[in-house]
Amino acid sequence: MKYVIIILQGVIPMTKTAIVTGGSRGIGAATSSLLAANGYNVIINYNASADAAIALKADIVSKGFNAEVYKCDVSDSDEVNSMLEFCVSTFGLPDLLVNNAGIAGQKLFTDITDSDWSRMLSVDLTGVFNCCRAASKYMIKKHTGSIINISSMWGVGGASCEVHYSAAKAGVIGLTKALAKELGPSGIRVNCIAPGVIDTDMNSKLSEADIAGLADATPLCRIGKPSEVAAVVEFLASDKASFITGQTISVDGGFII
Ligand code: NAP
């Protein structure tokens with residue numbers, strides 16, 4: 001029996017488990033779907049969008065892949081710890097964490113309130129910290145794992161009227177670099193993606209003229225698709241990226257070069 005199991009393990013790819021925060025909409029939904037299609041059991045995390053999460057799970061399962069949904073606010077460390085326990089009891093120890101959940105906001109710097117600042121940092125930076133801390137405890141036990149944090153080109157270049165967002169996203173890049181150094185000896189890779197303007201609800205408040213202007217400022221002359229970010233998540237998570245850690249990969253059509 002022992003020999004049969006060893007032979008099968010050599011032939012059949014082992015299923016891996018991924019958690020995608022904010023996994024039911026936009027970039028997160030594209031990522032959840034792509035990872036499921038590539039053999040991951042996916043925990044689709046959501047906070048407010050229960051219907052979208054349930055519909056996405058149904059779509060993934062209808063295609064013969066595995067997914068579960070889990071409600072949790074990533075800014076709440078107790079909820080995040082419970083999500084990890086749910087992951088372990090449902091699919092096993094996590095192999096991949098995609099920190100995608102995020103909020104944005106545009107305001108003059110002098111109009112940013114204490115509460116604007118606090119909520120932005122709580123979701124976009126502390127949320128990443130909470131999830132990395134909770135997941136890495138399990139990954140260290142396995143001595144393997146991959147963490148992919150979704151930052152933004154504004155975390156690299158800074159955006160006028162988005163100082164709190166830019167600061168949080170720059171923090172994500174710093175967290176990624178430091179954590180890659182600390183977790184590398186435990187066999188865990190930590191990378192970051194800095195998307196440019198991507199066609200999701202996050203940009204739904206922008207006017208057509210604003211979107212056209214951003215497309216004009218992009219060397220590839222268009223805004224990006226969620227699937228184009230998901231493809232890089234899938235690459236960074238794969239063995240093709242086995243010697244890549246601590247990096248921030250821009251997926252921005254050349255906006256920031
Ligand atoms: P989106 O369509 O607005 O989706 C945001 C996602 O984050 C939703 O699934 C939302 O889930 C989740 N989320 C928000 N607050 C949460 C919380 N407290 N706890 C758990 N989940 C939460 O935006 P998107 O464009 O796909 O953005 C995904 C990531 O890419 C974000 O980190 C964003 O900053 C980054 N990004 C986006 C762009 C862009 O142009 N779209 C560019 C650069 C970087 P619920 O609806 O369930 O709350």
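For ligands, and for the atoms within them, numbers begin at 1 and follow the listed sequence.
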Short side-chain to backbone donor-acceptor contact, Thr218 and Cys221, under 3.5 Å: no
Plane angle bin for Phe86 and Tyr70 - parallel if under 30°, tilted between 30 and 60°, otherwise perpendicular: tilted
Contact check, Gly196 vs ligand 1, heavy-atom distance below 4.0 Å: yes
Proximity to ligand 1 by part of Asn47, non-hydrogen separation under 4.0 Å: both
Ligand-side contact atoms (ligand 1) for residue partner Gly26, heavy atom cut-off under 4.0 Å: 2 (O), 26 (O)
Cys72 contact mode with ligand 1 (heavy-atom cut-off under 4.0 Å): backbone
Contact with ligand 1 for Glu79, non-hydrogen, under 4.0 angstrom: no
Close approach, Ser151 and ligand 1, non-hydrogen under 4.0 angstrom: yes
Numbered atoms and elements of ligand 1 in range of Tyr165, under 4.0 angstrom, heavy atoms: 33 (C), 34 (O), 35 (C), 36 (N), 43 (C), 44 (C)
Polar atom proximity, Val123 to ligand 1 (N or O, under 3.5 Å): no
Sub-4.0 Å heavy-atom contact, Asn203 with ligand 1: yes
Check: Gly22 N/O within less than 3.5 Å of ligand 1 N/O: yes
Any Ala50 heavy atom less than 4.0 Å to ligand 1: no
ILVMFWY network linking Leu179 to Ile148, side-chain heavy atoms under 4.5 angstrom: no
Flag for Asp201-Ser204: side-chain donor and acceptor within less than 3.5 Å: no
Proximity to ligand 1 by part of Asn45, non-hydrogen separation under 4.0 Å: side chain
Sole residue of Asn191, Asn149, Thr248 in side-chain hydrogen bond (donor to acceptor under 3.5 Å, both in side chains) with Thr176: Asn149
4.0 Å heavy-atom contact, Lys169 with ligand 1: yes
Audit row: Ser242, Asp239, side-chain hydrogen bond (donor to acceptor under 3.5 Å, both in side chains) steps and yes/no: CA-CA 5 Å; Ser242 55; Asp239 286 343; 5.9 Å; no
Region of Ile103 that comes within reach of ligand 1 [heavy atoms, distance under 4.0 Å]: side chain
Within-shell test, Trp154 vs ligand 1, heavy atom, strictly < 4.0 Å: no
Note: Asp95-Lys142 ion pair, threshold 4.0 Å (strictly below): yes
Thr245 side chain vs Ala180 backbone, donor-acceptor pair below 3.5 Å: no
Part of Arg119 with heavy atoms under 4.0 Å of ligand 1, whether side chain, backbone, both or neither: side chain
